[in-house]
Amino acid sequence: MPEGHSIHRIARQISDVFTGERVQVSSPQGRYTEGAALLDGHTITGAYAHGKHLFVTFENDLTLNVHLGIYGNWSFGGDETFTGASSIGAPRKIGEKEYAAGEEQPYAGPPEPKSTVRCRIVSEHGWADLVGPTICRTLTPEEVRTVRSKLGPDPLNPDADPEQFYRAARKSSRPIGVILMDQAAISGVGNIFRAESLYRQEIDPLRPGKSLSDEELERLWEDNKHLLVIGVRVGRIITTEPEDRPGVPETEAWPDHANYVYMHHGEPCRRCGTTIRMEEIAGRKLYWCPGCQV
DNA sequence: GAACCATGATTAC
DNA sequence: TAATCCTGGTTCG
């Protein structure tokens, strides 16, 4: 269940362990067999993220494009060369959550894949398994451009143009809480970041986009960028400021202390005491504090 | 073992 | 707005 920070971490991981490696690409599950065959035996040249989309580039100019949806995840494992190059270390899973595997053992090749593995990438030194994606396909450069052209700016990308987000918001009468979830307006923000950034900036999620001031839109962009950067560094979504979780360090801020409003409906706001609300808007649960957010 | 739920998104009505 | 797809963990009976 990944928002943009997870995809950037996965892109970094894949780039770390596979760039320059000739790989076998397969689909144990069988639902990506044709696309995998176009990449099988070729060398990976890099990986990057745009919002929640992952792109893995190959030397034959084709690109693996993956979107994890709500459930997708990647698992990785390999020898010491592999884990030494890795951002995340020994065999691990990233997507929804990540965890260290058990005891270290000598690497003896990839494990038998689970029956649900849509795509498996294997190099001389390690492997990556993809399970449960909504999108897993092989694209030409032209097709990559088409996909990316439909995505709004990603605050984690250095060349992102926030003006695109501001323009999308200013012309819209939809609630800002809905606009933040629209990947064509701003990409990489999901249900937790939207709720938490709106709380932190004290903006009512139901206000129409066009009612926000330039200054408010800029604060939202900057805060989502700030929170995404923390997410990339920590590997989890931590949105509380240290003074709002006294004595609990960033790395140990488990659900009770990690967020202000997400999944805290019915509880008193930790800043103003008002009961946190939750309502389903446009098919997703929206959490906010009616006291702080106006 | 069924039912339900989730950090997502598209499609159809 | 509802139905649908993707998977797996948790909760329910």
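Convention: sequence-line order gives letters A, B, ...; per-chain numbering from 1. Note that the structure is predicted; figures quoted are calculated from it, not measured.
For the pair A:Ile70 CD1 and B:dG8 P, the computed distance is 6 Å after rounding to whole Å. Between the CD1 atom of A:Ile281 and the C1' atom of B:dG8 there is a distance of 17 Å, given to the nearest Å. Rounded to an integer number of Å, the gap from A:Ile10 CD1 to B:dT7 P is 17 Å. Between the CE atom of A:Met278 and the P atom of B:dA6 there is a distance of 8 Å, given to the nearest Å. Across the protein-nucleic acid pair, A:Ile94 atom CD1 and C:dG8 atom P stand 16 Å apart, rounded to whole Å. A:Glu3 places its CD atom 14 Å from the P atom of B:dA6, with the value rounded to the nearest Å. One atom, OH of A:Tyr287, and another, C1' of B:dT7, lie 11 Å apart when rounded to the nearest Å. The nearest whole Å value for the distance from the CG atom in A:Leu151 to the P atom in B:dG8 is 14 Å.
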Table of protein N/O atoms under 3.5 Å from nucleotides 9-13 of chain B N/O atoms:
residue: B:dA9; atom: OP1; partner: A:His67; partner atom: NE2; Å: 3.2
residue: B:dA9; atom: OP2; partner: A:Lys52; partner atom: NZ; Å: 3.0

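Residues A:Glu216 and A:Arg219 are not paired through a salt bridge, judged by the lack of any N-O separation under 4.0 Å between the basic side chain and the carboxylate.
Listed nucleotides C:dT7, B:dT7, C:dG9 differ in distance to A:Arg118; the shortest reach to its side chain belongs to C:dT7.
Residue A:Lys285 places no side-chain N or O under 4.0 Å from the OP1 or OP2 atom of B:dC5. The side chain of A:Thr116 contributes an N or O atom lying less than 4.0 Å from OP1 or OP2 of C:dG8.
Checked against ring-ring contact (aromatic ring centres under 6.0 Å, His included), A:Tyr48 has the following partners two or more places apart in sequence or in another chain: A:Phe55. In this structure A:Glu59 satisfies the salt bridge (Lys or Arg N to Asp or Glu O under 4.0 Å) test with no other residue, sequence neighbours excluded.
Side-chain N or O atoms of A:Thr83 include none that pairs as donor or acceptor with a backbone N or O of A:Ala90 at under 3.5 Å.
Residue contacts for A:Lys150: at a heavy-atom cut-off of 4.0 Å it reaches no nucleic acid atom on any strand shown. Using a 4.0 Å heavy-atom distance criterion, A:Gln29 is classed as a sugar-phosphate-only contact. Nucleic acid contact class of A:Tyr262 (heavy atoms, under 4.0 Å, all strands): sugar-phosphate only. Using a 4.0 Å heavy-atom distance criterion, A:Arg31 is classed as a sugar-phosphate-only contact.
No continuous path of ILVMFWY side-chain contacts below 4.5 Å connects A:Val178 to A:Leu220, so the two sit in separate hydrophobic clusters.
A:Glu80 CD: 12 or fewer foreign heavy atoms inside a 6.0 Å radius.
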Handout entry: Stepwise ring pair (Phe, Tyr, Trp, His ring centres under 6.0 Å) test for A:Tyr262 and A:Phe193
Key = CA-CA 9 Å; A:Tyr262 176 72; A:Phe193 285 123; over 10 Å; no
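B:dC13 and C:dC5 are spaced 14 Å apart, taking the P atom of each and rounding to whole Å. Between B:dT7 and C:dT1, the two C1' atoms lie 22 Å apart (nearest whole Å).
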